Amino acid sequence: MQIIKDAFLTACGHSFCYMCIVTHLHNKSDCPCCSHYLTTSQLYPNFLLDKLMKKTSARQISKTASPVEQFRHSLEQGCEVSIKELDALLLMLSEKKRKLEQEEAERNMQILLDFLQMLRKQKVDELNEVQHDLQYIKEDLNSVERHRIDLYRARDRYSMKLRMLADDPIGKKPWSSSTDRNFGGLFSTSRNAPGGLPTGNLTYKKVDSKAQISSPGPQRKDTSISELNSQHMSQSGLAVVRKKRVNAQFNDLQECYLQKRRQLANKSRVKEEKDADVVQREGYSEGLADFQSVLSTFTRYSRLRVIAELRHGDLFHSANIVSSIEFDRDDELFATAGVSRRIKVFDFSSVVNEPADAHCPVVEMSTRSKLSCLSWNKYTKNHIASSDYDGIVTVWDVTTRQSVMEYEEHEKRAWSVDFSRTEPSMLVSGSDDCKVKVWCTKQEASVLNIDMKANICCVKYNPGSSVHIAVGSADHHIHYYDLRNTSQPVHIFSGHRKAVSYVKFLSNNELASASTDSTLRLWDVKDNLPVRTLRGHTNEKNFVGLSVNNEFLSCGSETNEVFVYHKAISKPVTWHRFGSPDIDEADEDAGSYFISAVCWKSDSPTMLAANSQGTIKVLVLAA
């Protein structure tokens, strides 16, 4: 294997390295070559072979060694060199050393120079970005300050008008006409709005008639002022609360603001000129207006308030998990389904307005298998589709409580079903058989089949298109398909680290996804870009629900809590923990409950949430 070192000869005539043969004889008492009996006392040094091996080794070293090593080896072997030759060698080596040191110093300087130039460029870019950001902030501060002053002036004018009306009810009419001429535009909205300010004539008549009885002018003045003061105090308290919410999420809000302002700056020159006209006319840039909308919406709510609660099944029945909960087309009815093998339809207004013990479904339909998903038809109000654990997709008529169509092509459990919004006769389903199937209520067989390589967990039609669908699967990706060409997806969105359990569209271009990696992610399906990752809830193994509207996303958590996110902020706006007076919190099973389904009521702040215990709550976002 290698050149022999310290060669020793055995009694049978074979040579080995001393360490090799000794190690062998510690385990076996024979020769490795001929198996003749052998002990350590029968080993003898092989001086001749050892000398030959050393010479061979030296020759191999001389062939592979560098000139310096060969020279050093020669000196070690006693090669004779004169003093003059040594001086020449030392001079040459000294010059070589100086040259190498010079080259090394130059290289190090060049590397340092490149680093500093790169760092300067990066910092200059950062400085330019900061300067642009400061310019945006300066412009927006001026705009907001001007707008705030205008609002204060309008409030002061209105307060002055109230005082003058209270002080001089008789001389009100001529003053009012002049005021209306000067500030008519300012108060027109308040006068015309429902529940707004009374008109000048009505105010005059009321004040005048009361003055004939008891002349309560000063009292009216004090009342108006006290109402304004109390209103101002309540507004101040609300402002403090909302300011705390801003401070708590300052980093995310800062990122949102700068992103919107930078996007505006990157638009075309023509668009910028148009926007400049808007700024001059309205005092607000487009980016600032967008951010103000986000800020006001985000800080408006701080909690979820329960306004109704009902149970989906028997308290002591183990099969109570609500897998899906969905509002119908008009938000008048909502349907629930789960492992209890029943579709229950409730009247929303009755659930909210009637006592808890009176919450009974208006329609109930039994199924052969456990249910995984529901989807109402967006055109035919009384049609609802379901998918079940046997892989059957069924379209039901809620009015007759009968199935209209049954599709049995899936070979394994079907996890998801969805009706198209733009083509109400079309629906799509996904299954553990790794197939996405498109169905039409006018025919019995599937219209289209997409065979994928991983289990399908969720499917969803784009609300603005009947030919685009999003598919979430166990391969951690979202596949976005055009049904006119299913040979390959339009785009594959990657980023989740585990299976994608839900996909939902906030708009035609905004897609949200949920995964068992405990995150929600937002995607732009127009530009095929990731937008934001939302974190805060816990989801590692269960389907916990996902629902969206124009601004907010809600999802469940395996901590038995409902979480609400704003689409522009990566952290939760608020959350609500489920609890039941019938279940002891110290119970061993209490910690195993999780939220299993959620659903927003269109674009309102009201939502439905259900958990694995079978409890359904109607929640509303509150300040």
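What you see is a predicted model, and the numbers here were worked out from it, not measured in a lab. Heads up: numbering here begins at 1 and tracks the sequence.
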Lys NZ or Arg CZ of Lys617 over Phe578 ring: under 6.0 Å, within 45°: yes
Does a sphere of radius 6.0 Å around NZ in Lys378 hold more than 12 heavy atoms from other residues, nucleotides or ligands, not counting ones at 6.0 Å or beyond? yes
To the nearest 0.5 Å, what is the distance between CZ (Arg329) and CH2 (Trp376)? 10.5 Å
Classify the ring geometry of His537 against Phe563: parallel below 30°, tilted from 30° to 60°, perpendicular beyond 60°. tilted
Between Lys381 and Asp330 (salt bridge meaning N to carboxylate O under 4.0 Å), is one present in this structure? yes
Is there a side chain to side chain contact (heavy atoms under 4.5 Å, CB included) between Cys434 and Lys412? Walk through the geometry before answering. CA-CA 9 Å; Cys434 306; Lys412 293 183 179 180; over 6 Å; no
Please examine the side chains of Leu483 and Leu448, heavy atoms only from C-beta on, and report whether any two atoms are closer than 4.5 Å. yes
Any luck finding a side-chain donor-acceptor pair between Gln613 and Asn320 under 3.5 Å? no
Determine whether Ser596 and Asn542 make a side-chain contact, defined as any pair of heavy atoms from C-beta on separated by less than 4.5 Å. no
Could you check whether Arg341 and Thr367, counting side-chain N and O atoms only, form a donor-acceptor pair closer than 3.5 Å? no
Using a 4.5 Å cut-off on heavy atoms from C-beta on, say whether the side chain of Lys601 contacts that of Phe348. yes
Take Arg305 and His576 through the test side chain to side chain contact (heavy atoms under 4.5 Å, CB included) and record every step on the way to the result. CA-CA 8 Å; Arg305 183 167 56 89; His576 171 79; over 6 Å; no
Let me confirm one number: the CD-NE2 distance from Gln292 to His147, rounded to the nearest 0.5 Å. 6.5 Å
Can you measure from CG (Leu427) to NE2 (His383) and round to the nearest 0.5 angstrom? 11.5 Å
Here the pair of heavy atoms bringing Ser604 nearest to Asn549 is O-ND2, 3.7 Å
Nearest heavy-atom approach of Cys555 to Leu546 is CB-CD1, 4.3 Å
I'd like to know whether Thr533 forms a side-chain hydrogen bond (donor to acceptor under 3.5 Å, both in side chains) with Arg521, so could you lay out the CA-CA distance, the side-chain angles of the two residues, the decisive distance to 0.1 Å, and finally the verdict. CA-CA 4 Å; Thr533 302; Arg521 289 179 182 264; 3.0 Å; yes
Considering all heavy atoms of both residues, which atom of Ala414 and which atom of Ser387 are nearest to each other, and what is their separation? O-OG, 3.6 Å
State which residue, out of Leu304, Ile307, Val306, fulfils the side chain to side chain contact (heavy atoms under 4.5 Å, CB included) condition with Val620. Ile307
Parallel, tilted or perpendicular, judged at 30° and 60°: which one describes the rings of Tyr481 and His479? parallel
Between Glu364 and Arg342, what is the shortest heavy-atom contact and its length? OE2-CD, 2.6 Å
Geometric class of the Phe552/His566 ring pair [parallel <30°, tilted 30-60°, perpendicular >60°]: perpendicular
Going by atom types alone, do Ser349 and Asp347 pair a side-chain donor with an acceptor below 3.5 Å? yes
Close side-chain approach of Tyr257 and Tyr136, heavy atoms under 4.5 Å: yes
Atom CD in Glu540, atom OG in Ser515: separation rounded to 0.5 Å? 10.5 Å
Say you draw a straight line from NZ of Lys541 to OG1 of Thr516; how long is it, rounded to the nearest 0.5 Å? 11.5 Å
Step by step, would you call Leu608 with Val618 a side chain to side chain contact (heavy atoms under 4.5 Å, CB included)? CA-CA 5 Å; Leu608 298 169; Val618 183; 3.6 Å; yes
Qualifying residue, where the test is side chain to side chain contact (heavy atoms under 4.5 Å, CB included) with Val503 and the options are Ser473, Cys458, Ser416: Cys458
For the student: nearest non-hydrogen atoms of Val395 and Tyr407, plus distance: CG2-CE1, 4.2 Å
Going through the distances and angles, do Ile469 and Tyr461 end up as a side chain to side chain contact (heavy atoms under 4.5 Å, CB included)? CA-CA 4 Å; Ile469 62 169; Tyr461 267 105; 3.6 Å; yes
Would the number of heavy atoms belonging to other residues, nucleotides or ligands and lying under 6.0 Å from CZ of Arg413 be above 12? yes
Counting neighbours of CD on Glu406 that are heavy atoms of other residues, nucleotides or ligands and sit closer than 6.0 Å, is the number greater than 12? yes
Flag for Asn462-Ser465: side-chain donor and acceptor within less than 3.5 Å: no
CE-OG distance between Met452 and Ser431, expressed to the nearest 0.5 angstrom: 12.5 Å
Do Phe543 and Trp415 have ring centroids that are under 6.0 Å from one another? yes
Ion pair Glu409/Lys435, N-O distance below 4.0 Å: no
Quick one: does Pro489's side chain get under 4.5 Å of Tyr480's, heavy atoms only? no
Side-chain touch Phe291/Arg261, heavy atoms, less than 4.5 angstrom: no
Checking Asp140 side chain against Ser143 main chain: does a donor-acceptor pair fall under 3.5 Å? no
Quick check: closest heavy atoms across Pro463 and Thr422, and the distance to 0.1 Å? O-CG2, 3.4 Å
